[in-house]
Amino acid sequence: MDITDFYDTFFEEAEELLTDMERYLLELNLEEPDAEQLNAIFRTAHSIKGGAGTFGFEALQKTTHLFENLLDHARHGELNLRRDIVDIFLETKDMLNDQLTAYRNGEEPDQEAFERICKTLQQLAEEEIKARGDGGDGSPGEPVSQPQAQTREEETETASEGESAESLLIALLGISEENRALLVEELEQFGTIIAQSGDTTRYEVELETTTSAADIESVMCFIIEPEQIETRSAKPSAAAEDTSPASEPDAPKATSEPSAPAEVSEPTSPSQQTTAPELAQPVAPQKPTEPKKTASKPPAKPKGGAESSSIRVSVEKVDQIINLVGELIITQSMLDQTVSQLDGVSNGSLVNGMSLLQRNARDLQEAVMSIRMIPMDFVFSRFPRVVRETSSKLGKQIDLHTEGESTELDKSLTERIIDPLTHLVRNSLDHGIETPEEREALGKPRVGNLTLSARHQGGNIIIEVKDDGAGLNRDKLLAKARENGLGVSDSMTDDEVWQLIFAAGFSTAKEVTDVSGRGVGMDVVKRNIQGLGGSVQIMSTAGQGTTIRIVLPLTLAILDGMSIKVGDEIFILPLSTVLQSLQPTKADLYEMAGEDLVLRVRDEYLPVIAVHDALDVAGAQTDPLRSIAVIVQGEGRRYALLIDDLIGQQQVVVKNLETNYRKVPGVSAATILGDGRVALILDIAGLHQLSQRKKEARQTSLDTSAKPLPTSTEVALS
Amino acid sequence: MSRLTSDALSATEGENQQFLVFSLGEEEYAIDILKVQEILGYENVTRIANAPDFIKGVTNLRGVIVPIVDLRIKFHLDKVEYGGQTVVIVVNVFDRIVGIVVDGVSDVMTLTPNQIKPAPELGMSMSSDFLKGLGSLENRMLVLVDIDRLLTSKEMALVEQVEQIEQVAG
């Protein structure tokens with residue numbers, strides 16, 4: 001066992017802490033900052049610093065150290081927060097995130113960026129805190145000029161020395177022997193171990209240290225659970241100190257303050273090492289603050305608080321359960337089929353039992369699927385930041401509203417919806433909402449509104465990005481489309497015109513801005529959403545705003561399918577792609593050059609794909625007039641599929657074909673039917689390409705007439 | 001799993017090896033028993049369109065979609081029939097599960113190193129690259145198939161990135 005084994009835990013927790021930090025920063029009311037929030041922000045920085053120190057992540061530790069000091073001033077009211085300061089804080093948070101990512105990938109963080117942010121933070125500390133100090137409210141500890149700071153430093157050092165002789169009794173509970181050795185090694189970094197004894201259930205270490213018990217706990221909590229460690233002073237006098245300061249809340253403040261500026265003024269010279277003793281020193285003078293800090297004990301909180309209500313489980317484990325439940329459902333429906341053939345009267349109890357089993361299995365499936373579900377808040381929570389930055393860059397005033405944050409969505413989908421959604425939000429901010437001046441001129445309130453909402457509808461989730469801006473301009477879109485050589489006409493419906501913005505390379509922005517308008521993106525947005533099995537709709541009213549609606553399935557693991565029959569084979573079409581089905585008539589079928597067939601459906605001519613031809617199904621109905629045409633939509637285009645029969649709708653569990661095989665053209669995945677057989681789920685666009693290639697191949701072989709048909713292997717490999 | 005077993009193999013080179021013996025037509029073949037996961041009957045195989053003819057399709061193995069390869073077609077055997085005797089050997093190579101259709105499974109054999117002879121250049125339907133050698137046992141001759149290399153070979157078209165997998169395995 002190695003300390004690196006704890007890295008992942010640290011990274012995960014630090015990431016969560018940073019997310020919390022950002023949320024608190026954005027929520028801050030600058031006029032009247034909430035003390036609790038400021039404390040919370042401070043704690044997040046402090047916890048990360050502790051962990052970074054333990055693991056020897058130097059840059060991360062230094063940055064958080066500087067940051068923490070500033071935050072400490074802020075929470076004591078010595079630093080007046082302004083918007084630009086919060087911006088710097090947010091930037092620092094991003095930098096910490098970058099550093100964390102670098103460490104996670106086993107790299108060193110960007111040195112230049114690190115120095116820059118340190119400089120910014122130091123400068124901020126000097127300017128802001130000094131300014132207030134000169135303002136003369138007489139509170140100690142603010143001056144930062146070098147000599148003074150040095151005295152402070154000396155003072156604090158003396159102070160810490162005065163207190164350092166304390167020995168702490170640290171009890172490790174329920175730690176295995178190998179882990180214990182590691183932890184003891186870790187403790188050694190804080191001071192000198194005087195004595196150690198005990199067994200795995202309780203192991204006591206007496207440690208002479210300058211570090212406060214709370215700080216040791218904070219650091220250790222990155223490695224073990226907070227309940228697994230107990231600290232108390234070994235000396236009676238120290239114990240008294242430990243318990244009493246609660247009654248003198250001013251004392252900690254007085255001591256912690258002088259130490260902090262001293263640290264701020266400390267140059268980030270390479271001499272500052274990350275080894276624990278040195279890390280411990282600046283923290284040491286804060287010892288009397290212990291009761292205060294325990295009250296808001298940093299690392300234990302996010303973890304301990306969440307622990308009672310949730311556990312961390314790897315996604316693979318959840319997926320495994322989902323798989324097993326899927327199996328159970330299949331077995332259950334197999335049994336069901338058998339039982340339904342039995343006589344219901346003589347086997348009454350069996351039939352009853354089966355229906356009970358069916359209900360339980362469905363409930364179980366639903367419950368298991370819900371494990372993967374996480375609230376949309378996870379997605380929405382990053383938009384205050386996006387809106388804040390984009391709007392200040394564009395000089396617009398925008399209020400962001402969110403609705404339905406608790407709506408749940410499959411985790412894999414939430415992760416993949418973030419990018420498209422960010423793009424849509426930026427687009428709304430940039431092109432949708434007007435500048436305050438323009439808005440005023442139009443008689444609208446200066447502040448624009450952007451609403452993000454999510455709600456369930458049937459088996460789908462509907463996510464909307466709504467703005468009260470200018471709306472889309474039909475004429476401008478049409479003009480732009482003509483300019484780009486897209487085939488458009490004035491008779492197009494509004495819906496069709498709006499869809500033009502999803503065409504590649506299409507942008508109506510007058511100027512290309514930093515934010516958007518380069519004409520890449522909207523097509524990617526649409527493709528990404530379609531890739532998730534969803535669709536995008538646009539509603540827009542000139543002068544009143546635009547609403548972009550994304551409809552997504554709740555999960556990628558289960559699909560609403562339409563089972564179809566071709567020959568003796570059964571295939572599944574995703575129900576979301578199916579628009580209608582009809583019996584083709586001779587009058588509606590048109591033969592084009594070569595073999596191409598088109599079907600007229602409501603004045604639209606759709607390419608016809610004969611499924612039996614594309615997938616080489618033997619014994620299928622080859623006469624189009626006797627087939628059933630299913631109108632489907634794939635990648636924005638509509639096709640008519642010729643099939644033998646529609647069987648019915650059913651929910652299917654999506655299984656990946658590539659796990660053990662390879663990608664198959666025209667097939668997106670597979671599933672297992674009620675009888676245990678595998679059925680392939682068709683991919684509309686892939687099917688069309690396949691059928692085109694086949695026709696072309698036949699055409700060329702006809703042209704050259706001598707050449708044989710390409711073998712199936714070639715088609716599969718191409 | 002597969003990496004473990006191949007490591008174990010190289011470590012025990014020079015020791016006896018166990019092989020699962022199966023028949024394709026009149027010939028007897030054998031594969032390393034450690035690659036075998038289980039043996040099934042041949043049923044419920046869903047055809048995959050536009051795949052090579054020796055890929056019979058995919059089947060459901062307790063919720064996992066497994067491709068089925070008919071080695072008899074691959075090795076150009078004259079008689080390819082599916083009946084009660086037709087057996088699918090489920091093998092695990094490079095963390096992939098593949099079922100191979102054979103005419104029957106006979107027994108498990110232990111071969112000593114000197115019973116394994118190098119494979120001659122056959123130039124037949126099967127390149128000697130896919131052979132580990134020939135096992136001679138009294139009056140029987142077993143063709144020892146290197147199932148890893150055979151199933152991940154390009155011509156099997158079972159996997160998309162053969163090179164990558166080999167790299168990982170190497």
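Below, chains carry the letters A, B, ... as their sequence lines are ordered, and counting in each starts from 1. Atoms considered below: every heavy atom in the structure, side chains included; atoms not considered: hydrogens, waters and symmetry mates. Treat the numbers as computed from the prediction; the structure is a model and nothing was measured.
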For A:Ile672, which atoms come within 4.5 Å of any heavy atom of chain B: side chain, backbone, both, or neither? side chain

What part of A:Val653 gets within 4.5 angstrom of chain B, counting heavy atoms only: side chain, backbone, both, or neither? neither

Under a 3.5 Å threshold, yes or no: a donor from one side chain and an acceptor from the other, between B:Asn60 and A:Lys655? no

4.5 Å side-chain heavy-atom contact, A:Tyr661 and B:Val98: no

Test item: A:Val617 and B:Arg47 side chains (from C-beta on) under 4.5 Å apart, heavy atoms: yes

Above 12 or not: heavy atoms from other molecules or residues under 6.0 Å from [atom1] of [X]?
X: A:Gln692; atom1: CD; result: yes
X: A:Arg626; atom1: CZ; result: no
X: A:Lys411; atom1: NZ; result: no
X: A:Asn656; atom1: CG; result: yes

Chain A neighbours within residues 64-71 of chain B, where any heavy atom lies under 4.5 Å away: B:Val64, B:Ile65, B:Val66, B:Pro67

Distance check, rounded to the nearest 0.5 Å: B:Ile48 atom CD1 versus A:Leu657 atom CG? 5.5 Å

Heavy-atom nearest pair, A:Glu658 first then B:Arg96, reads O-NH2, 3.6 Å

Which heavy-atom pair separates B:Ala49 from A:Val664 by the least distance, and what is that distance? O-CG1, 4.2 Å

Looking at A:Asn660 and B:Val58, would you say the former's side chain and the latter's main chain have a donor-acceptor pair under 3.5 Å? no

Check whether A:Arg677 reaches the backbone of B:Thr59 with its side chain - one donor and one acceptor, N or O, closer than 3.5 Å. no

